2 protein chains.
Amino acid sequence: MDSSVLRNVSMFSVLNDKELSKIYSFSTPKSLDKGEMVFFETEPYLGFYVVVEGCIKIFKIKGDGREQIIHFVHPYGTFAEVPMFEQYEKILNDQFTYPANAMATEKDTKVLLIRSGLFYELLRKNHEISLKMLGALSKRLRHLNNYIETRMKDIPHRLAEFLVQECRRSGGSDIHKVEIEITKHDLASYLGTIDETLSRTFKKFQDDGLIQMKGKFVTITDIKKLLRIAEE
Amino acid sequence: MDSSVLRNVSMFSVLNDKELSKIYSFSTPKSLDKGEMVFFETEPYLGFYVVVEGCIKIFKIKGDGREQIIHFVHPYGTFAEVPMFEQYEKILNDQFTYPANAMATEKDTKVLLIRSGLFYELLRKNHEISLKMLGALSKRLRHLNNYIETRMKDIPHRLAEFLVQECRRSGGSDIHKVEIEITKHDLASYLGTIDETLSRTFKKFQDDGLIQMKGKFVTITDIKKLLRIAEE
DNA sequence: CGTAACCTTGATTAAGATCAATTCTCGTGG
DNA sequence: CCACGAGAATTGATCTTAATCAAGGTTACG
């Protein structure tokens, strides 16, 4: 792994080799096993992270102790940028904590910590980076917006939406076969439900002839009906 | 109304008089009656808004046609900044729409439209503004984060949380009296429920001796218990 | 005053959570 | 190679919360 991985991070795409190397040399790499935490939401804020390999889930803990997954971050994606811009002074004084919890969902997950001090310096010098960062935060806001919208619908709707999205994301060949890359438990948490309800909803979709399922592989047999459920 | 109102907007606080006047002279003021729309989420994006007077509610329409209020914007607050940073070219080509709906909740509500073209120009010239904007977007993200967290709890919890927050926001004198400044209907929508359930929850709180209610005025009689319900 | 919007209350229903067993799957060690 | 055990997934019965349906009652304002 070297500084070239940073070039794929949208926000850093405006930097030259020298700047990239500098960021890379000051960043802290971390390797994680499946289930290992990057941070808890109670920890003091150090800076934001770049995913280099594997996958990270960002989640809240509900009152009953259960996880509620907000999103997954894949390679070259970033997470925990937000506290960076909430009054710099407070960050320096360790007053800030992370906004949620972050855990690796795959073994051999690798992340880079970009410390806020260093990054803030960069931000002051390089105007382009702030503009990129504005783009990144906007994207995050769109995602949360979409997340909230999805939450207004029932579980079959949410699952249908997820399947359609996954189908679009993976490949794009018209064979409607999707591999669910996360555990069913994580999927349930992401959809805001529990394992049993997810299982029942999958079964209902199968009984209604919308999909066929074999372990982690789902074949969509009636994309039209599925789309109808997905969009209201 | 003149350009000095803009000085109170956090993002514009770094500008000098000349710059403020320029923004003001290029902005479009709009007066609204209670219930009038600023924009629908289907409309092409023109730019973001500053609230000068009154109050704006930002909301989504659910599948059944009901409103789901995401937040309220008060004087000197801004809304609809997000699409501004999602690929400038698309905005110019009218490809973008608003992320939600915006409606005045009070009569004599006044807003200013800051067109994206003008603002983007400003952003390129003035680095400080991007940094302020990063702060503004972060705040918005925090709010959505908090919103999502609240949604994981039941209705009594959400109402208790709302009452405690309102109590803190208004005054701060230790007489625990709160005026609910929005309609009960809007409050229900904000809490993600319906009028009947809100009414019943208020009743339950009264029966349990937590509050006393008279129209729009709520007196908190047992702040300790209310806090216990509010925080899990 | 009168009427429309706002609010409350009661009875019923439905979606999904909870509780409680099983069954399935797969990696590990004998 | 098989047997074991743990975690993952499924299934059924029951329970809870809040939505829905249906009246009434209250308030505010022209």
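Protein chains get the first letters and strands the later ones, always in sequence-line order, with residue 1 at the start of each. Quantities reported herein were computed from a predicted structural model and do not represent experimental measurements.
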> Mind checking whether A:Tyr147 and A:Thr150 have side chains closer than 4.5 Å, heavy atoms only?
Replying inline: no
>> I'd like to know if the side chain of B:Tyr98 reaches the main chain of B:Leu46, judged simply by a donor and an acceptor atom lying under 3.5 Å from each other, with no hydrogens or angles considered.
In response: yes
Enumerate the protein-to-nucleotides 4-7 of chain C contacts in which both atoms are nitrogen or oxygen and the separation is below 3.5 Å.
| unit_1 | atom_1 | unit_2 | atom_2 | d |
| --- | --- | --- | --- | --- |
| C:dC7 | OP2 | B:Lys184 | N | 3.4 |

>> I want to check something: taking the side chain as every heavy atom from C-beta on, are B:Phe48 and B:Phe119 in contact at a cut-off of under 4.5 Å?
In response: yes
>> Using the side-chain hydrogen bond (donor to acceptor under 3.5 Å, both in side chains) criterion, which residues pair with B:Arg66? Sequence neighbours excluded.
In response: none
>> Please determine whether a side-chain nitrogen of the Lys or Arg among A:Lys216 and A:Glu181 lies less than 4.0 Å from a carboxylate oxygen of the Asp or Glu.
In response: no
> Please walk me through it: do A:Thr78 and A:Glu81 pass side-chain hydrogen bond (donor to acceptor under 3.5 Å, both in side chains)?
Replying inline: CA-CA 7 Å; A:Thr78 54; A:Glu81 310 95 320; 2.5 Å; yes
>> Check this for me, if you would: do A:Lys225 and A:Asp208 make a salt bridge, where the nitrogen-to-carboxylate-oxygen distance has to be below 4.0 angstrom?
In response: no
>> With a strict under 4.0 Å distance from non-hydrogen atoms of chain A, what nucleotide opens and what nucleotide closes the contacted stretch of DNA chain D, reading 5' to 3'?
In response: D:dA9 to D:dA13
>> Using five base pairs at each end to define the local axes, how bent is the helix from C:dC1-D:dG30 to C:dG30-D:dC1, to the nearest 10°?
In response: 30°
Between the protein and nucleotides 16-21 of chain C, which nitrogen or oxygen pairs are less than 3.5 angstrom apart?
| unit_1 | atom_1 | unit_2 | atom_2 | d |
| --- | --- | --- | --- | --- |
| C:dG16 | OP1 | A:Ile155 | N | 2.9 |
| C:dA17 | OP2 | A:Thr193 | OG1 | 2.6 |
| C:dA17 | OP2 | A:Thr197 | OG1 | 2.8 |
| C:dT18 | OP2 | A:Arg66 | NH1 | 2.6 |
| C:dT18 | OP2 | A:Arg66 | NH2 | 2.9 |
| C:dT18 | O4 | A:Arg200 | NH2 | 3.0 |
| C:dC19 | N4 | A:Glu196 | OE2 | 3.2 |

>> Once ring-ring contact (aromatic ring centres under 6.0 Å, His included) is applied, do any residues pair with B:His74, and if so which ones, sequence neighbours excluded?
In response: none
